[in-house]
Number of protein chains: 2
Amino acid sequence: MKKLPKPTEAELEILQVLWSRGPSSVREVNDILNKKREVGYTTTLKIMQIMADKGLAERDTSTRTHIYTPAVSEGDTQKQLLNRFLETTFKGSASKLVMQALGNHEASAEELEKIKALIKKIEGEQSK
Amino acid sequence: MKKLPKPTEAELEILQVLWSRGPSSVREVNDILNKKREVGYTTTLKIMQIMADKGLAERDTSTRTHIYTPAVSEGDTQKQLLNRFLETTFKGSASKLVMQALGNHEASAEELEKIKALIKKIEGEQSK
DNA sequence: TTGTTTTTACGAAAGCTTTCGTATAATATT
DNA sequence: AATATTATACGAAAGCTTTCGTAAAAACAA
């Protein structure tokens with residue numbers, strides 16, 4: 001497994017667009033970003049070019065309008081960032097983080113069910 | 001409630017030392033940091049001075065060796081950073097984050113108990 | 001064809017954090 | 001007292017990310 005570079009904030013924002021939209025042009029990504037905040041077109045272009053350089057995205061340059069595709073999965077990226085965040089902010093204590101997260105943000109009943117199911121599964125494995 | 005500046009990585013590292021040790025001098029903090037990685041003394045000094053400027057720490061300058069005290073609580077800071085992380089990485093879905101955190105890092109049996117208890121409490125509130 | 005729009009490419013500026021060299025003052029040592 | 005050590009202060013350099021101006025190429029429209 002190769003180690004992926006940690007995406008910056010701006011890169012992560014773009015990755016999220018690519019994850020939800022699939023392969024996209026700079027124009028399309030930039031339009032979406034601009035629904036939330038003002039970003040210059042060339043700014044988005046530049047960052048997407050950097051992402052291609054770093055290997056966070058791949059681009060198809062066969063047509064004039066280049067099409068970018070995410071080269072890292074959403075789940076893997078979340079896992080990577082979570083590990084890092086867990087380490088820096090909670091010194092590795094996942095349960096502390098979970099407690100904080102559940103305490104401050106209400107999850108729906110079904111989400112809580114999923115979490116309970118997961119806990120059960122983990123407990124099952126532990127008792128072996 | 002006043003809004004605290006977001007601590008940088010280096011600042012967070014120092015805050016963690018201050019939280020665990022309580023009021024400390026630059027030398028003491030720097031020594032602890034150097035157990036993990038090499039940091040120059042003046043680098044640590046500079047960042048702690050910035051922290052005092054920003055209001056992340058307070059310092060007692062009544063003696064030659066200034067003593068720094070955290071001015072923000074560990075819990076509040078974790079909550080602030082967690083909210084931000086949740087937004088940027090999990091688009092606000094706390095349960096997704098919890099699932100990932102529990103899935104990837106084993107929590108001890110007692111930690112799982114605590115989490116289950118918390119879920120029960122939340123469920124109790126929801127059913128009202 | 002001629003001019004307008006759209007796109008990529010390039011590089012530099014701006015902004016932020018971290019690192020460090022140097023100066024100066026206070027303290028400790030011999 | 002003279003020297004060495006330890007502390008703070010200051011500013012600049014280094015490193016990284018983000019932003020943007022400008023140019024060149026491609027596609028489109030009149």
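Letters A, B, ... are given to chains in the order of the sequence lines, protein chains preceding strands, and every chain is numbered from 1. Everything quoted here is computed from the prediction, not taken from an experiment.
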Original post:
Around atom NZ of B:Lys54, are there more than 12 heavy atoms of other residues, nucleotides or ligands at under 6.0 Å?
Top reply: yes
Subject >> Neighbour count above 12 (heavy atom, 6.0 Å) for B:Glu58 CD >> reply: no
Original post:
Would a hydrophobic clustering, with Ile, Leu, Val, Met, Phe, Trp and Tyr connected at side-chain separations under 4.5 Å, put B:Met99 with A:Leu82?
Top reply: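 Cluster IDs for B:Met99 and A:Leu82 match.
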Subject >> Salt bridge present between B:Lys116 and B:Glu123 (N-O < 4.0 angstrom) >> reply: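 Answer for the salt bridge query: no.
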**OP:** Give a yes or no on whether a salt bridge exists between A:Glu74 and A:Lys79, defined as a side-chain N under 4.0 angstrom from a carboxylate O.
**Re:** no
**OP:** Verify, without hydrogens or angle tests, whether B:Gln100 (side chain) and A:Gln78 (backbone) share a donor-acceptor contact under 3.5 angstrom.
**Re:** no
**OP:** Give the B/S/- string for nucleotides 14-21 of chain D, one per nucleotide from 5' to 3', where a protein heavy atom under 4.0 Å of the base yields B, of only the sugar-phosphate yields S, and otherwise -.
**Re:** ---SBBBB
Original post:
Quick one: what's the B/S/- string for nucleotides 24-30 of chain C, heavy-atom cutoff under 4.0 Å, read 5' to 3'?
Top reply: -BBS---
**OP:** Could you pull out the closest heavy-atom pair between B:Ala101 and A:Leu97, with the gap in Å?
**Re:**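 Of all heavy-atom pairs spanning B:Ala101 and A:Leu97, the closest is CB-CD2, 3.9 Å.
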Subject >> A:Met48 to A:Ser24 - nearest heavy-atom pair and separation >> reply: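 Here A:Met48 and A:Ser24 meet closest at CE-O, 4.5 Å.
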Between [atom2] on [N] and [atom1] on [X], what's the gap in Å once rounded to a whole number?
X: A:Leu45; N: C:dC10; atom1: CG; atom2: P; result: 11 Å
X: A:Met48; N: C:dT8; atom1: CE; atom2: C1'; result: 12 Å
X: B:Gln49; N: D:dA9; atom1: CD; atom2: P; result: 5 Å
X: B:Tyr41; N: C:dA23; atom1: OH; atom2: P; result: 19 Å
X: A:Glu28; N: C:dT7; atom1: CD; atom2: C1'; result: 13 Å
X: B:Arg27; N: D:dT5; atom1: CZ; atom2: P; result: 13 Å

